[in-house]
Amino acid sequence: MFLAGEFSKLAQVSKRLLHFYDEIGLFKPHHIDPETSYRYYSAAQLPELNKILALKELGLSLEQVGRVLNDDISADEIQGMLILKKAEMAQQIKDNLLRFRYIESRLQQVRAEGVLQDYDVVVKSMPSMPILTTRTLLPDTSSYREIMIEMMHTLPQRVGHNQIKHMIVLSHSEGYEAEEIDAEIGYIVSNACANNMTLPSGIRLKKRLLPEEKMMATVTRVGRTYLGSGCYHALGQWIEANDYHIIGPGREVFLQLWPNGDEEMVTEIQLPVDKTEPGSLFLTG
């Protein structure tokens with residue numbers, strides 16, 4: 001028999017944790033001295049404690065662990081708990097990846113301090129143009145790339161290189177979204193291009209006329225898409241400083257895709273704008 005401190009060394013857990021498990025009835029000492037109240041544990045209890053720790057490592061709650069130990073739970077329920085925990089962890093990984101990319105973009109900006117980092121905002125008009133696109137709710141930002149790669153590999157062979165121009169993404173979400181993104185993805189095409197098409201994955205593309213925009217505030221970004229927050233910051237500052245407001249969905253036109261890596265990608269970010277009337281206040285999104 002071992003005192004709590006001795007047993008904690010053998011089990012590689014703290015005395016405080018042993019006391020807590022005792023208090024909630026999850027893992028009781030083998031014996032408690034009625035005179036000294038010292039807790040004594042047996043080496044034969046180590047497998048049970050290890051099982052508790054393993055179940056906790058899987059993400060089960062203490063209540064669920066207790067039910068497993070007491071055989072008060074079916075195999076189907078255990079499977080359901082683990083499936084739910086797996087889904088929660090997958091979401092955490094996705095969230096952490098987005099956070100990692102955001103931190104990386106901030107590091108890029110910090111490293112560029114003292115270097116010319118300003119983005120030149122250019123105002124231009126855009127004529128109406130035919131586009132062949134699909135509009136969908138994307139689960140996350142990484143889903144853009146999968147659809148874009150499939151289009152890159154499919155459309156030139158289907159319609160011919162001379163029928164397609166630049167890839168384009170239109171954002172229809174009211175604000176910035178990291179999940180459930182309402183986006184339209186496709187190509188600017190020629191008038192002679194087919195009206196609709198189905199990709200090998202089953203995604204349907206439809207041709208429509210993108211309306212003319214008399215005034216677009218634009219910025220060109222070179223490099224990876226998720227490092228582009230500075231471009232949008234520059235656009236926002238320019239729009240406010242020059243008394244404009246946003247009047248429609250933003251566009252990202254890919255002037256050069258990733259032939260030799262994302263670092264060589266060239267994208268023009270476009271926001272349709274109009275002059276703000278004196279004395280009025282526009283809130284966008």
Side-chain angles (χ1 to χ4, degrees), residues 119-138 141 144 147-148 151-152 154-156 158-177 181-199 203-222 225 228-257 265-285:
Y119 294 95
D120 294 323
V121 176
V122 177
V123 179
K124 59 179 73 172
S125 62
M126 293 292 175
S128 61
M129 61 187 76
I131 56 174
L132 185 65
T133 61
T134 182
R135 182 172 175 177
T136 184
L137 277 179
L138 297 170
T141 52
Y144 277 101
I147 299 176
M148 292 169 72
M151 289 183 178
M152 287 169 55
T154 304
L155 263 62
R158 290 276 191 92
V159 303
H161 290 272
N162 61 334
Q163 298 296 321
I164 60 175
K165 300 178 182 178
H166 300 304
M167 185 170 281
I168 185 171
V169 175
L170 293 94
S171 173
H172 293 284
S173 298
E174 290 186 4
Y176 173 79
E177 301 290 348
I181 306 161
D182 185 1
E184 190 175 356
I185 306 173
Y187 271 92
I188 301 169
V189 296
S190 70
N191 288 317
C193 182
N195 288 332
N196 51 63
M197 182 181 303
T198 302
L199 297 178
I203 294 174
R204 291 187 58 80
L205 306 178
K206 294 183 179 180
K207 191 167 83 170
R208 73 179 182 92
L209 192 64
L210 196 59
E212 172 191 9
E213 293 290 351
K214 294 182 179 179
M215 213 178 305
M216 294 282 261
T218 70
V219 159
T220 300
R221 175 183 66 213
V222 178
T225 57
S229 59
C231 298
Y232 283 96
H233 296 169
L235 280 169
Q237 292 168 355
W238 182 91
I239 289 170
E240 184 175 270
N242 291 276
D243 295 324
Y244 284 86
H245 63 277
I246 301 170
I247 59 172
R251 308 174 185 178
E252 293 197 3
V253 179
F254 296 86
L255 306 177
Q256 176 177 290
L257 291 170
M265 187 157 55
V266 180
T267 311
E268 185 174 81
I269 300 170
Q270 306 174 348
L271 292 178
V273 294
D274 197 5
K275 267 290 187 180
T276 300
E277 293 294 332
S280 65
L281 177 64
F282 287 87
L283 298 178
T284 57

Original post:
Going by an N to O cut-off under 4.0 Å, is there a salt bridge joining R135 and D182?
Top reply: yes
Below 4.5 Å, heavy atoms only, C-beta onward: do [X] and [Y] meet side chain to side chain?
X	Y	result
V253	I188	yes
L210	R251	yes
V219	Y232	no
M129	K165	no
L132	L155	yes
I239	Q237	no
Y187	M148	no
Q270	E213	no

Spatial distance of atom [atom1] ([X]) from atom [atom2] ([Y]) [nearest 0.5 Å]:
X	Y	atom1	atom2	result
I131	E184	CD1	CD	4.5 Å
M216	I247	CE	CD1	9.0 Å
M126	K214	CE	NZ	15.5 Å
I168	F254	CD1	CZ	9.5 Å
T198	K206	OG1	NZ	10.0 Å
R158	L205	CZ	CG	9.0 Å

**OP:** Check L235, L271, T220 against V121 for a side chain to side chain contact (heavy atoms under 4.5 Å, CB included) and give me the one that passes.
**Re:** L235
Subject >> Residues which pass side-chain hydrogen bond (donor to acceptor under 3.5 Å, both in side chains) with T134, listed by chain and number, not counting sequence neighbours >> reply: none
Not counting sequence neighbours, which residues clear side chain to side chain contact (heavy atoms under 4.5 Å, CB included) with [X]? List them please.
X	value
S171	S173
A192	Q163, S190
P249	H172
N242	W238, Y244

Original post:
Stepwise, does the side chain to side chain contact (heavy atoms under 4.5 Å, CB included) test hold for I147 with L138?
Top reply: CA-CA 10 Å; I147 299 176; L138 297 170; 3.5 Å; yes
Residue pair [X] / [Y]: nearest heavy atoms and the distance that separates them:
X	Y	answer
K207	C193	NZ-O, 2.8 Å
D243	K275	O-CD, 3.4 Å
I164	P156	CD1-CG, 3.8 Å

Original post:
Which pairs with one or both residues in residues 122-132 pass side-chain hydrogen bond (donor to acceptor under 3.5 Å, both in side chains), sequence neighbours excluded?
Top reply: K124-E268
Subject >> Pair T267-E252, side-chain donor/acceptor within less than 3.5 Å >> reply: no
